[in-house]
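Remarks on the structure that follows.
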Amino acid sequence: MLNLKKTWIFISLCSMSLLVFCFNASSQDDREKEIFKRVKETLLYTSYAPKNLDEKYSRDVYKKYMEDLDPFKRYFLKSDIDEFGKYENKMSEMFINNDVSFFHVSVDRLYKRVNETEGYINDIFNSPLNFNEDDYMIVDEKKRDFPLNQAEAKKYWKNYIKYRVLQEIFNSNNSTDSLNNEEKSLKENTKKEKKPKTKEEIEADAIKKVKENISEYFRQIKLRKKADLFSIFINAYTEVFDVHTTYFSPKDKDNFNTAMSGKIIGIGATLQDNKGYPTIRELVIGGPAWKSKQIEAGDKIVKVQQGKKGNPVSVVGMLLDDAIRLIRGEEGTTIVLTLEKKDGSTKIVTLIREEIEIQETFVRSAVITDEKGNKYGILYLPEFYVNLENNTKGRDCSDDIKKEINELKKQNIKGLIMDVRNNGGGSLSEVIDITGLFIGRGPVVQVKDSNGKIKVLESKEKDLVWDGPLVLMTNELSASASEILAGAMQDYQRAVIVGPSQTYGKGTVQTIYPLDRFSMSDDKYGALKVTIQKFYRITGSSTQLKGVKSDIIIPDLLSYSDIFEKSQEFALPWDQINKSNFIIWQGVPKINYEYLKTKSAERLKNSSYVASIEAAGKWSKEIEQIVKIPLKYDKFMLEMEKRKEQGKKYEKETDYDAKVSIEAPTYELAKFKSDTVLKAKREDWYKGMKKDFNLRESINVLNDIIGH
């Protein structure tokens with residue numbers, strides 16, 4: 001229908017920059033239309049793979065929107081979907097005309113159906129639930145349609161509630177058994193054995209708990225404003241361009257920036273929603289809340305006041321995310337909290353906001369010693385964070401890694417393991433700098449824009465920080481920047497990649513375009529994260545869809561799932577370009593990949609752990625493919641008992657002792673004396689590493705490299 005030229009879009013963007021100063025949105029509808037317009041123009045001009053706004057695009061957007069608005073088919077009726085069908089071929093036209101009418105029609109109907117559903121649920125809980133009916137719960141929403149009418153909708157919710165109650169009963173029975181086993185000797189000594197609950201009492205408790213949970217679920221759903229749901233509508237348009245092109249509301253943009261920088265301005269506490277009360281879950285050691293000595297875990301925040309003379313605002317019943325935004329603010333400003341203590345008393349606490357580091361974001365290290373006495377360093381990098389504000393307080397992961405390696409070298413490590421498992425990516429510039437720490441100067445990655453222009457991005461690092469044996473651990477959730485690092489290390493023959501058959505397969509580059517970039521106002525419209533380039537290894541091969549293949553392949557439970565980029569409907573395709581000029585690593589010792597693969601294969605072929613992981617992965621895949629679950633009491637319990645026993649079997653078979661000892665780097669030991677929370681978190685990390693099969697095999701690979 002329409003193929004808008006980039007030149008026309010560019011003129012529109014320029015025109016918008018001239019006219020925006022006299023624009024003043026007078027209503028929420030005007031604001032939504034303006035966001036729609038700015039997203040469209042930014043998207044069509046900047047996207048790596050622009051779409052024709054034709055009928056196919058329209059149908060794809062419609063399908064995506066309906067799937068995201070009611071993903072489990074819990075609210076809309078078949079008649080709603082039939083009525084909405086008239087918009088299926090009009091989504092492109094509405095995008096062109098900045099028409100958001102379908103958003104309002106669909107969301108107003110959703111609110112109506114949610115209110116009706118809450119009524120069904122009250123009726124269901126007001127009548128006895130029969131667990132002797134030979135009925136089923138269809139757990140795969142793709143295998144069922146929207147309910148034909150309210151009677152069918154009520155039937156679905158009745159089955160869903162029965163399913164949840166049966167789950168609670170099963171869990172209750174199992175937790176009771178576990179408790180009885182753990183406390184058996186204690187009960188025998190005290191001879192004060194509690195009378196076990198009857199089947200009827202367990203059922204009544206389960207029904208009560210499910211009712212409370214569902215009531216809380218609906219309370220939070222009804223708190224969501226139209227503005228929150230508008231992102232779903234916009235993203236149906238953006239994500240059909242490609243899966244990583246996303247609209248961020250102002251709130252989402254703040255959250256994204258926080259995740260990338262690993263820092264927030266606040267009181268130094270993590271919160272959770274406790275039946276409508278923002279409740280302190282944990283305090284950050286050294287943060288304002290911790291230093292006050294007046295706040296502790298379990299305290300409920302009732303009111304938030306900005307400054308000593310501000311008006312207290314009740315946060316009871318507020319969405320947790322909105323309450324958190326009130327608590328955050330500018331560094332050095334005052335906030336007054338009214339707390340309900342665990343004993344029921346009320347306390348008013350005045351705090352000064354400070355910059356708080358989210359420690360889980362940052363790189364951490366440890367020294368590992370195997371049973372032969374070989375000492376190796378390990379670096380765990382959760383994400384490629386960057387100092388977005390470019391200030392003296394910010395942190396870049398490349399600088400942190402350099403510091404950690406230098407500390408590890410003081411403890412005379414013989415090799416280094418870098419762990420980027422579950423690392424979804426981050427800053428492109430940071431991964432280039434990190435690669436340079438291991439290879440020095442040289443090309444790291446190639447990028448191609450929508451015009452076909454190719455640029456080679458190179459490391460400028462003069463001095464190597466680590467020139468010894470190196471292993472990189474990856475998994476299926478290692479994506480984007482992690483894949484750039486793994487690909488470069490493999491292409492330079494600088495490191496051995498240990499992990500599953502392939503990484504996630506995200507070979508695209510995104511940038512953030514603020515939608516307020518031409519206005520003088522505050523962040524009113526949010527931002528668009530747009531795919532603007534594809535990246536390629538220096539060999540010319542894209543990591544898109546195919547990811548990075550491991551040198552030492554160890555199967556993982558996730559290997560049998562559909563989490564990869566290649567399973568995403570709107571993922572960009574794989575391709576390749578010409579090779580870049582580079583010289584493979586000339587350091588010592590030279591990596592003999594065939595030798596290492598042969599040695600590892602000998603260890604892995606008879607490994608009961610590997611066999612169990614493969615069996616558990618296949619079993620997990622089978623569970624995912626189950627379409628329906630019986631709701632008759634005896635059949636349900638039999639099915640769950642089978643799963644529990646099978647799960648126990650695999651848990652036992654995959655319980656592993658890596659036969660290693662782990663210690664903190666010397667500089668961190670001093671911190672443990674004052675920061676007991678940090679010490680506890682590190683000890684938990686060490687505990688996991690002592691059972692980590694992939695880590696043990698990485699150590700074996702390092703031993704093979706250095707000849708031990």
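Atom set for the values below is all heavy atoms of this structure, side chains included, hydrogens, waters and symmetry mates excluded.
R219 and D273 are joined by a salt bridge, as a carboxylate oxygen and a charged side-chain nitrogen come within less than 4.0 angstrom of each other. A salt bridge is defined here as a Lys NZ or Arg NE, NH1 or NH2 lying under 4.0 Å from an Asp or Glu carboxylate O, and D449 with K534 fails to meet this definition. Taking a cutoff of 4.0 Å between a charged side-chain nitrogen and a carboxylate oxygen, D516 and K253 do not qualify as a salt bridge. Salt bridge annotation for D575-K448: present, with a cationic side-chain nitrogen under 4.0 angstrom from a carboxylate oxygen. For the pair K90 and E93, the salt-bridge criterion is not met [side-chain N within less than 4.0 Å of a carboxylate O]. Salt bridge absent: D54 and K56 never bring a charged side-chain N and a carboxylate O closer than 4.0 Å.
Here Q576 pairs with nothing under the side chain to side chain donor-acceptor pair (under 3.5 Å) rule; sequence neighbours left out. Listed by chain and residue number, nothing satisfies the salt bridge (charged side-chain N to carboxylate O under 4.0 Å, His left out) test with K112 (two or more places apart in sequence, or in another chain). For S106, the side chain to side chain donor-acceptor pair (under 3.5 Å) partners are Y65, not counting sequence neighbours. Residues forming a ring pair (Phe, Tyr, Trp, His ring centres under 6.0 Å) with Y385 (at least two apart in sequence, or on another chain): F362. Residues meeting the side chain to side chain donor-acceptor pair (under 3.5 Å) test with R441, sequence neighbours left out: none. With sequence neighbours left out, F218 forms a ring pair (Phe, Tyr, Trp, His ring centres under 6.0 Å) with W157. Residues passing the ring pair (Phe, Tyr, Trp, His ring centres under 6.0 Å) test with Y560, sequence neighbours excluded: none. F248 meets the ring pair (Phe, Tyr, Trp, His ring centres under 6.0 Å) test with F256; sequence neighbours excluded. Applying the side-chain contact (heavy atoms from CB on, under 4.5 Å) test to S620 and every residue at least two apart in sequence or in another chain returns E624. Residues passing the salt bridge (charged side-chain N to carboxylate O under 4.0 Å, His left out) test with R353, sequence neighbours excluded: none.
The shortest non-hydrogen separation linking I553 to P500 is CG2-C, 4.1 Å.
The side chain to side chain donor-acceptor pair (under 3.5 Å) with E34 is formed by just one residue from the set K37, R31, R38; it is R38. A side chain to side chain contact (heavy atoms under 4.5 Å, CB included) with D70 holds for exactly one of M66, R74, E67; it is R74. Checked options L53, D60, V61; the residue passing with M91 is V61 (criterion: side chain to side chain contact (heavy atoms under 4.5 Å, CB included)).
If you check the side chains of N235 and D68, you find no donor sitting under 3.5 Å from an acceptor. In summary, the side chains of D562 and S567 do not present any donor paired with an acceptor at a separation below 3.5 Å, with no hydrogens or angles considered. Side-chain contact, S429 with S427: a donor N or O sits under 3.5 Å from an acceptor N or O. No hydrogens or angles considered: nothing links the side chains of Q446 and S580 as a donor-acceptor pair under 3.5 Å. For the residue pair S559 and E476, a side-chain donor N or O sits within less than 3.5 Å of a side-chain acceptor on the partner.
Here salt bridge (Lys or Arg N to Asp or Glu O under 4.0 Å) pairs that include residues 226-235, with residues two or more places apart or in two chains, are D108-K226, D228-K251.
Cation-pi check for K566 over F564 is met; the charged atom lies under 6.0 angstrom from the ring centroid and within 45 degrees of its normal.
Ring planes of Y160 and Y156: parallel class, angle under 30° (limits at 30 and 60°). Y87 and F102 have parallel rings, their planes meeting at less than 30° on a 0 to 90° scale where 60° marks the start of perpendicular. Using a 30° and 60° split on the angle between ring planes, Y57 and Y237 fall in the tilted class, from 30° to 60°.
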Please tabulate, one pair per line, all N/O donor-acceptor pairs under 3.5 Å involving side-chain atoms of residues 140-147, not counting sequence neighbours.
from: D140; atom 1: OD1; to: K142; atom 2: N; distance (Å): 3.0
from: R144; atom 1: NH1; to: K73; atom 2: O; distance (Å): 3.3
from: R144; atom 1: NH2; to: F72; atom 2: O; distance (Å): 2.3

**OP:** Applying salt bridge (Lys or Arg N to Asp or Glu O under 4.0 Å), run through D254 and R325 and close with a yes or a no.
**Re:** CA-CA 10 Å; D254 285 347; R325 286 174 67 82; 3.2 Å; yes
Subject >> From CA spacing to verdict: side chain to side chain contact (heavy atoms under 4.5 Å, CB included), Y75, L110 >> reply: CA-CA 7 Å; Y75 304 110; L110 179 67; 3.9 Å; yes
Original post:
Yes or no on side chain to side chain contact (heavy atoms under 4.5 Å, CB included) for S58 and E88, after CA distance, side-chain angles and deciding distance?
Top reply: CA-CA 6 Å; S58 186; E88 186 175 12; 6.0 Å; no
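Centroid-to-centroid, the aromatic rings of F36 and F103 stay 6.0 Å apart or farther.
At most 12 heavy atoms of other shown residues, nucleotides or ligands fall within 6.0 angstrom of atom CD in E330.
Side-chain atoms of N97 never come within 3.5 Å of backbone atoms of D99 as a donor-acceptor pair (strictly under, hydrogens ignored).
The distance from the CG atom of N387 to the CG atom of D396 is 5.5 Å, given to the nearest 0.5 Å.
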